[in-house]
Amino acid sequence: RIYGMLYVKPHQIDVIGEGRIFFLKEWANHSKYFGENVFLSILPDSKARILLGILFGDKSQMDPDIYHSFQKTGTAHVLAVSGLHVGILYLFLDRLLNRCPEKIKLLFIVLILYFYTMVTGGAPSVLRAASMLILLIIAPLLNRKYDSLSAIAVAALFLLISNPLLIFHVGFQLSFAAVLSIVLLYPKVLEKINFLPPFWAKSIAVIISAQVGTIPIVAYHFHFISIAAFFINIPIVMLVGYVMPLGLLMIVSALIFYPFSVFLGKILFILLKIMVILTELAASMPMASIQTISPSVFFIICYYLF
């Protein structure tokens with residue numbers, strides 16, 4: 001949906017008027033800028049930039065070396081708002097509103113998910129996850145059974161009708177490949193590693209399923225295969241499960257009681273520090289990732305058929 005590009009010389013732009021945008025979109029933009037100011041005023045600059053990536057998918061201001069470590073270890077997905085983030089937000093809201101009447105709780109969750117997709121810019125991965133969650137929420141209200149594969153298909157159809165060119169978007173490809181792989185491979189992988197404690201078996205099964213499903217796409221677009229991703233993703237994802245709710249609470253508490261927001265910032269600093277240390281340690285290990293050329297489309301098709 002880019003129909004043309006306009007180039008102007010710096011400092012030669014005159015404001016001739018103000019346009020109006022949808023009021024919810026305007027609120028979303030203000031919320032994002034407010035959150036950014038809160039993080040930058042409380043946390044050290046480098047940690048604030050990481051938190052911006054985790055909550056809003058804004059990686060543009062991150063330290064390049066730190067971001068490279070996340071890429072090399074296959075954990076960069078935590079810095080691009082994805083299904084993981086939407087899932088964490090859903091679980092957080094579900095527990096927070098546990099005592100509310102069911103229909104009111106579900107309506108509130110749907111509205112928050114819709115608002116969050118606008119705050120994060122409506123990336124394909126976010127839209128996919130939000131669409132599937134909304135289907136999960138409304139299925140019992142319509143006396144229907146939720147089916148994962150049908151939900152994936154409906155989400156893909158919805159996105160591609162709105163913009164068919166999304167099929168070439170790397171975020172779209174990775175998001176749908178990961179969730180399809182988890183749905184199809186997770187039970188089989190879990191069956192093979194059921195000798196492990198349940199928590200670790202389930203976590204490892206999800207990571208392996210997602211990684212196996214996305215390897216060709218990552219190799220095609222980014223020219224590497226991450227070996228470290230198979231073991232470092234579990235602690236990183238666990239940390240994000242705490243970082244994201246605390247980051248959202250930090251923004252809200254800054255409006256109500258700023259000292260509490262500062263206190264949350266101290267906890268977040270420790271969690272983000274641990275996350276960076278783990279990522280850099282994994283990235284420094286030999287064979288953390290393998291450089292590749294872009295595989296051919298024929299090879300990718302054969303891989304998925306196999």
Side-chain angles (χ1 to χ4, degrees), residues 1-42 48-49 51-62 79-83 85-86 88-90 92-93 96-97 103-135 137-138 154-172 175 244-245 247-258 261:
R1 293 184 178 177
I2 299 174
Y3 304 104
M5 298 181 72
L6 177 69
Y7 296 90
V8 294
K9 293 180 180 179
H11 313 299
Q12 290 188 0
I13 301 171
D14 294 323
V15 178
I16 59 173
E18 283 190 9
R20 298 298 301 167
I21 60 173
F22 184 43
F23 74 97
L24 281 177
K25 181 67 177 174
E26 194 171 0
W27 289 355
N29 289 338
H30 285 311
S31 301
K32 182 178 179 179
Y33 296 140
F34 177 76
E36 184 175 339
N37 289 330
V38 169
F39 297 153
L40 290 170
S41 64
I42 293 175
R49 306 294 181 194
L51 193 54
L52 283 174
I54 293 172
L55 277 179
F56 303 135
D58 182 4
K59 307 178 290 291
S60 60
Q61 304 174 61
M62 265 190 72
L79 302 171
V81 179
S82 62
H85 300 73
V86 176
I88 291 170
L89 179 60
Y90 170 74
F92 174 64
L93 292 172
L96 187 68
L97 305 169
K103 288 186 178 179
I104 294 175
K105 179 179 81 170
L106 294 178
L107 177 64
F108 188 75
I109 289 174
V110 169
L111 290 173
I112 292 294
L113 287 175
Y114 177 68
F115 188 73
Y116 186 64
T117 59
M118 287 195 293
V119 170
T120 55
S125 54
V126 179
L127 291 171
R128 190 273 307 161
S131 300
M132 289 182 66
L133 267 176
I134 289 169
L135 288 170
I137 289 168
I138 65 173
V154 169
L157 186 63
F158 167 73
L159 290 176
L160 292 175
I161 286 174
S162 66
N163 184 359
L165 292 176
L166 279 177
I167 200 161
F168 300 110
H169 192 290
V170 63
F172 180 95
S175 184
M244 192 175 166
L248 293 172
L249 284 174
M250 187 176 171
I251 296 171
V252 175
S253 60
L255 289 166
I256 304 166
F257 187 58
Y258 194 79
S261 188

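Everything numeric here is computed off the predicted structure, so don't read it as measured data.
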Colleague: For residues 155-168, which residue pairs pass the salt bridge (charged side-chain N to carboxylate O under 4.0 Å, His left out) check, not counting sequence neighbours?
Modeller: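 Output for this query is empty, none listed.
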
Colleague: Between atom CG of Asn163 and atom CZ of Phe158, what is the distance when rounded to the nearest 0.5 Å?
Modeller: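 One gets 11.5 Å once the value is rounded to the nearest 0.5 Å.
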
Colleague: Hey, could you give me the CZ/CG distance between Phe92 and Leu248, rounded to the nearest 0.5 Å?
Modeller: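 The distance works out to 6.5 Å.
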
Colleague: In chain order, what residues pass the side chain to side chain contact (heavy atoms under 4.5 Å, CB included) check against Ile167, with sequence neighbours excluded?
Modeller: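 Only Leu160, Phe172 meet the side chain to side chain contact (heavy atoms under 4.5 Å, CB included) criterion with Ile167.
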
Colleague: For Ser261, enumerate each residue passing the side chain to side chain contact (heavy atoms under 4.5 Å, CB included) test, keeping only those at least two apart in sequence or located in another chain.
Modeller: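 Side chain to side chain contact (heavy atoms under 4.5 Å, CB included) list for Ser261, sorted by chain: Val38, Ile42, Met250, Ser253, Ala254.
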
Colleague: With sequence neighbours left out, write down each residue that passes ring-ring contact (aromatic ring centres under 6.0 Å, His included) with Phe23, or none if nothing qualifies.
Modeller: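 Applying ring-ring contact (aromatic ring centres under 6.0 Å, His included) to Phe23 gives Trp27.
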
Colleague: What closest approach, in Å, do Phe39 and Ala48 show between heavy atoms, and which atom pair accounts for it?
Modeller: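 Closest pair (atom of Phe39, atom of Ala48, distance): O-CB, 3.6 Å.
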
Colleague: Excluding sequence neighbours, so at least two apart, what forms side chain to side chain contact (heavy atoms under 4.5 Å, CB included) with Val8?
Modeller: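 Checked Val8 against side chain to side chain contact (heavy atoms under 4.5 Å, CB included); matches are Leu6, Ile13.
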
Colleague: What residues form a side chain to side chain donor-acceptor pair (under 3.5 Å) with Ser31, not counting sequence neighbours?
Modeller: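 Partners of Ser31 under the side chain to side chain donor-acceptor pair (under 3.5 Å) test: none.
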
Colleague: Would you say the side chain of Arg49 lies within less than 4.5 Å of the side chain of Leu40, judging by non-hydrogen atoms?
Modeller: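 A side-chain contact exists here, since the closest heavy-atom pair is under 4.5 Å.
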
Colleague: For the CD1 atom of Ile54 and the CE atom of Met244, what is their distance to the nearest 0.5 Å?
Modeller: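 Output value for this atom pair is 9.5 Å.
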
Colleague: Is any side-chain heavy atom of Leu127 closer than 4.5 Å to a side-chain heavy atom of Leu166?
Modeller: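 Not in contact.
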
Colleague: Listing request: all salt bridge (charged side-chain N to carboxylate O under 4.0 Å, His left out) pairs with a residue in residues 3-22, at least two apart in sequence or in separate chains.
Modeller: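 Only Arg20-Glu26 qualify under salt bridge (charged side-chain N to carboxylate O under 4.0 Å, His left out).
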
Colleague: Would you name the heavy atoms of Pro124 and Leu159 that are closest together and state the gap between them?
Modeller: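 So the two residues come closest at O-CD1, 3.9 Å.
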
Colleague: Using a 6.0 Å cut-off, check whether atom CZ of Phe168 has over 12 heavy atoms from anything other than its own residue.
Modeller: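 Incorrect, the count does not exceed 12.
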
Colleague: Just to verify, what does Arg128 make a salt bridge (Lys or Arg N to Asp or Glu O under 4.0 Å) with, not counting sequence neighbours?
Modeller: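 Partners of Arg128 under the salt bridge (Lys or Arg N to Asp or Glu O under 4.0 Å) test: none.
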
Colleague: Please name all residues satisfying side chain to side chain contact (heavy atoms under 4.5 Å, CB included) with Tyr33, sequence neighbours left out, ordered by chain then number.
Modeller: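 Testing Tyr33 for side chain to side chain contact (heavy atoms under 4.5 Å, CB included), a comparison that skips the adjacent residues, returns Asn29, Glu36.
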
Colleague: Got a sec, which residues hit ring-ring contact (aromatic ring centres under 6.0 Å, His included) with Phe56, two or more places apart in sequence or on another chain?
Modeller: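 Phe56 satisfies ring-ring contact (aromatic ring centres under 6.0 Å, His included) with no residue once adjacent residues are dropped.
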
Colleague: Ignoring hydrogens and angles, write down the donor-acceptor pairs under 3.5 Å from the side chains of residues 107-117, residues two or more places apart or on other chains.
Modeller:
from	atom 1	to	atom 2	distance (Å)
Tyr116	OH	Leu55	O	2.6
Thr117	OG1	Tyr114	O	2.5

Colleague: Please list all pairs meeting salt bridge (charged side-chain N to carboxylate O under 4.0 Å, His left out) that have one or both residues in residues 105-127, counting only residues at least two apart or in different chains.
Modeller: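 Listed once each, the pairs are Asp94-Lys105, Glu102-Lys105.
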
